Amino acid sequence: MLRLSLLPFHRFPISSHFLNLSPKSTMAVSASYTTSSHSSSKLLFRQLFEKESSTYTYLLADVSHPDKPALLIDPVDKTVERDLSLVKELGLKLVYAMNTHVHADHVTGTGLIKSKLDGVKSVISRASKSKADHLIEAGDKIYFGDMFLEVRATPGHTLGCVTYVTGDGPNQPQPRMAFTGDAVLIRGCGRTDFQGGSSDQLYESVHSQIFTLPKDTLIYPAHDYKGFTVSTVGEEMLYNPRLTKNKEGFEDIMKNLKLAYPKMIDIAVPANMVCGLQDLSERPAESVST
């Protein structure tokens with residue numbers, strides 16, 4: 001297993017299935033963001049919103065740790081200044097800027113964040129075949145302070161989709177939280193007709209990696225278009241109009257969506273393959289494996 005400790009940054013020759021990173025969490029949502037309490041007094045969590053692409057960015061931090069390490073999940077380039085201002089106001093040390101997958105509807109803010117704040121490392125799945133400081137795989141653990149996110153591979157919307165799930169065990173937030181990207185949306189799911197998508201694979205991913213979590217696990221998606229902010233595994237298992245069907249029914253739904261070609265895809269995908277900054281295209285990716 002591989003264990004990374006980024007306060008300061010060290011590599012431990014353990015294995016590629018254990019990743020140690022340091023952030024902190026709290027939640028927020030309104031026009032710009034929402035705030036909500038969580039059962040863990042250690043976790044600071046904010047749910048932030050970018051209205052043009054209806055994208056949620058999540059800020060998590062371990063406020064019980066002396067360094068208050070924090071991470072951002074799915075930052076958007078257009079709201080980087082807002083996000084970094086919040087990090088500064090809350091006295092956090094941002095150590096990771098992470099993506100659930102290579103987005104097609106907006107440009108990631110990870111590269112811009114790295115250019116503005118020293119020491120931040122970008123994170124994305126190895127299966128995405130994109131560039132980042134750390135290329136993660138299923139089973140890796142991303143530590144921020146004494147808390148961690150578990151990486152679950154949930155391909156189907158794209159080949160490289162992952163879901164980040166808060167840890168299970170002592171001193172970890174309860175109920176657990178799953179940052180599902182586009183794999184599971186509230187009462188929906190991401191499309192499967194581009195970027196190596198597969199309705200068969202998405203169905204299997206959700207039912208084996210997300211719907212097997214405790215039913216009270218909170219689901220935080222990458223997008224919402226109807227004003228919802230959070231769901232649970234139990235809710236989606238009961239009420240998701242697509243994912244409650246059998247596999248054949250699900251595949252039929254996805255095949256007949258007849259969605260328009262994403263208007264940002266030709267700009268967003270090439271940029272997001274290189275951390276959101278085209279001028280990083282010559283920079284080799286660093287693997288977390290040793």
Side-chain angles (χ1 to χ4, degrees), residues 3-10 18-30 32-50 56-76 79-100 109-110 113-114 116-123 133-134 136 140-151 163-180 213-214 216-222 229-230 232:
R3 181 183 179 105
L4 292 174
S5 177
L6 295 188
L7 292 173
F9 181 87
H10 297 295
F18 202 81
L19 181 69
N20 192 330
L21 317 175
S22 287
K24 139 186 166 182
S25 314
T26 313
M27 155 182 148
V29 178
S30 87
S32 297
Y33 65 87
T34 299
T35 304
S36 160
S37 61
H38 198 278
S39 61
S40 172
S41 60
K42 299 175 58 172
L43 177 69
L44 173 86
F45 173 66
R46 296 287 186 274
Q47 182 183 41
L48 307 164
F49 189 68
E50 194 281 308
Y56 284 127
T57 296
Y58 298 98
L59 172 66
L60 295 88
D62 182 355
V63 290
S64 70
H65 191 281
D67 294 312
K68 296 186 177 180
L71 60 81
L72 283 167
I73 299 173
D74 288 335
V76 179
T79 49
V80 162
E81 294 296 339
R82 176 202 64 188
D83 298 348
L84 294 185
S85 176
L86 181 61
V87 167
K88 182 178 180 180
E89 289 172 355
L90 296 175
L92 310 178
K93 179 181 175 63
L94 186 65
V95 291
Y96 296 112
M98 306 162 56
N99 281 295
T100 53
T110 53
I113 288 169
K114 285 166 53 65
K116 292 176 176 290
L117 200 61
D118 291 341
V120 179
K121 301 297 182 182
S122 55
V123 179
D133 296 307
H134 298 303
I136 52 163
D140 285 342
K141 293 181 178 179
I142 301 169
Y143 275 80
F144 54 107
D146 295 324
M147 291 183 282
F148 66 89
L149 296 177
E150 169 194 326
V151 178
T163 291
Y164 298 114
V165 184
T166 54
D168 184 20
N171 302 315
Q172 302 303 311
Q174 294 296 329
R176 298 179 76 181
M177 306 161 76
F179 301 92
T180 55
L213 290 164
D216 65 348
T217 301
L218 300 169
I219 286 182
Y220 290 102
T229 57
V230 62
T232 66

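The shown structure was predicted, so the numbers you read here are calculated from the model rather than taken from an experiment. Quick note: residue numbers are just sequence positions, from 1.
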Participant: If you apply the rule side-chain contact (heavy atoms from CB on, under 4.5 Å), what do you find for T100 with I73, and how did you get there?
Facilitator: CA-CA 7 Å; T100 53; I73 299 173; 4.0 Å; yes
Participant: Heavy-atom distance under 4.5 Å between the side chains of Q172 and T166, does that happen here?
Facilitator: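 In short, these two side chains do not touch, never coming nearer than 4.5 Å.
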Participant: Do Y164 and I136 come within less than 4.5 Å of each other through their side chains, counting heavy atoms only?
Facilitator: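 With C-beta onward as the side chain, the pair touches.
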Participant: Evaluate L213 against I219 for side-chain contact (heavy atoms from CB on, under 4.5 Å), listing each step before the verdict.
Facilitator: CA-CA 10 Å; L213 290 164; I219 286 182; over 6 Å; no
Participant: Looking at side-chain heavy atoms only, is the closest gap between R176 and D168 below 4.5 Å?
Facilitator: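 A side-chain contact exists here, since the closest heavy-atom pair is under 4.5 Å.
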Participant: In Å, rounded to the nearest 0.5 Å, how long is the span from CD1 of I142 to NZ of K121?
Facilitator: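 So the gap between those two atoms works out to 14.5 Å.
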Participant: Could you check if a side-chain atom of L149 sits within less than 4.5 angstrom of a side-chain atom of M98, using non-hydrogen atoms only?
Facilitator: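 Answer yes - side chains close enough.
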Participant: Are any of the side-chain heavy atoms of V230 and P221 separated by less than 4.5 Å?
Facilitator: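 No; the side chains remain at least 4.5 Å from each other.
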Participant: Which heavy atom of V80 sits nearest a heavy atom of K116, and at what distance?
Facilitator: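 Minimum heavy-atom contact is CG1-CD, 4.1 Å.
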Participant: Is there a donor-acceptor pair closer than 3.5 Å between any side-chain N or O of T57 and the backbone N or O of D74?
Facilitator: yes
Participant: Nearest 0.5 Å, what's the OH-CD1 distance between Y96 and I113?
Facilitator: 14.5 Å
Participant: Closest heavy-atom contact between L43 and M147?
Facilitator: CA-CE, 3.8 Å
Participant: Any chance you could lay out the side-chain contact (heavy atoms from CB on, under 4.5 Å) test for L72 and V120, step after step, and finish with the verdict?
Facilitator: CA-CA 10 Å; L72 283 167; V120 179; over 6 Å; no
Participant: Give the minimum heavy-atom separation between D216 and T232, together with the two atoms involved.
Facilitator: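 Reported closest heavy-atom pair: O-CG2, 4.3 Å.
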Participant: Can you tell me how far CG of L92 sits from NE2 of H65, rounded to the nearest 0.5 angstrom?
Facilitator: 13.0 Å
Participant: Do you see a donor-acceptor pair shorter than 3.5 Å between the side chains of D133 and S122?
Facilitator: yes
Participant: On a heavy-atom basis, which atom in P75 and which in D83 lie closest, and how many Å separate them?
Facilitator: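 Taking P75 first and D83 second, the nearest heavy atoms are CB-OD2, 4.4 Å.
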Participant: So do L59 and L90 actually touch side chain to side chain, heavy atoms under 4.5 Å?
Facilitator: yes
Participant: Evaluate the criterion side-chain contact (heavy atoms from CB on, under 4.5 Å) for residue pair L48 and T79; output intermediate values, then yes/no.
Facilitator: CA-CA 9 Å; L48 307 164; T79 49; over 6 Å; no
Participant: With ring centroids as reference points, do Y58 and Y220 lie under 6.0 angstrom apart?
Facilitator: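 Judged by ring-centre distance (under 6.0 Å), Y58 and Y220 do meet the cut-off.
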Participant: As a quick check of understanding, evaluate salt bridge (charged side-chain N to carboxylate O under 4.0 Å, His left out) for R82 and E50, giving each step before the final call.
Facilitator: CA-CA 10 Å; R82 176 202 64 188; E50 194 281 308; over 6 Å; no
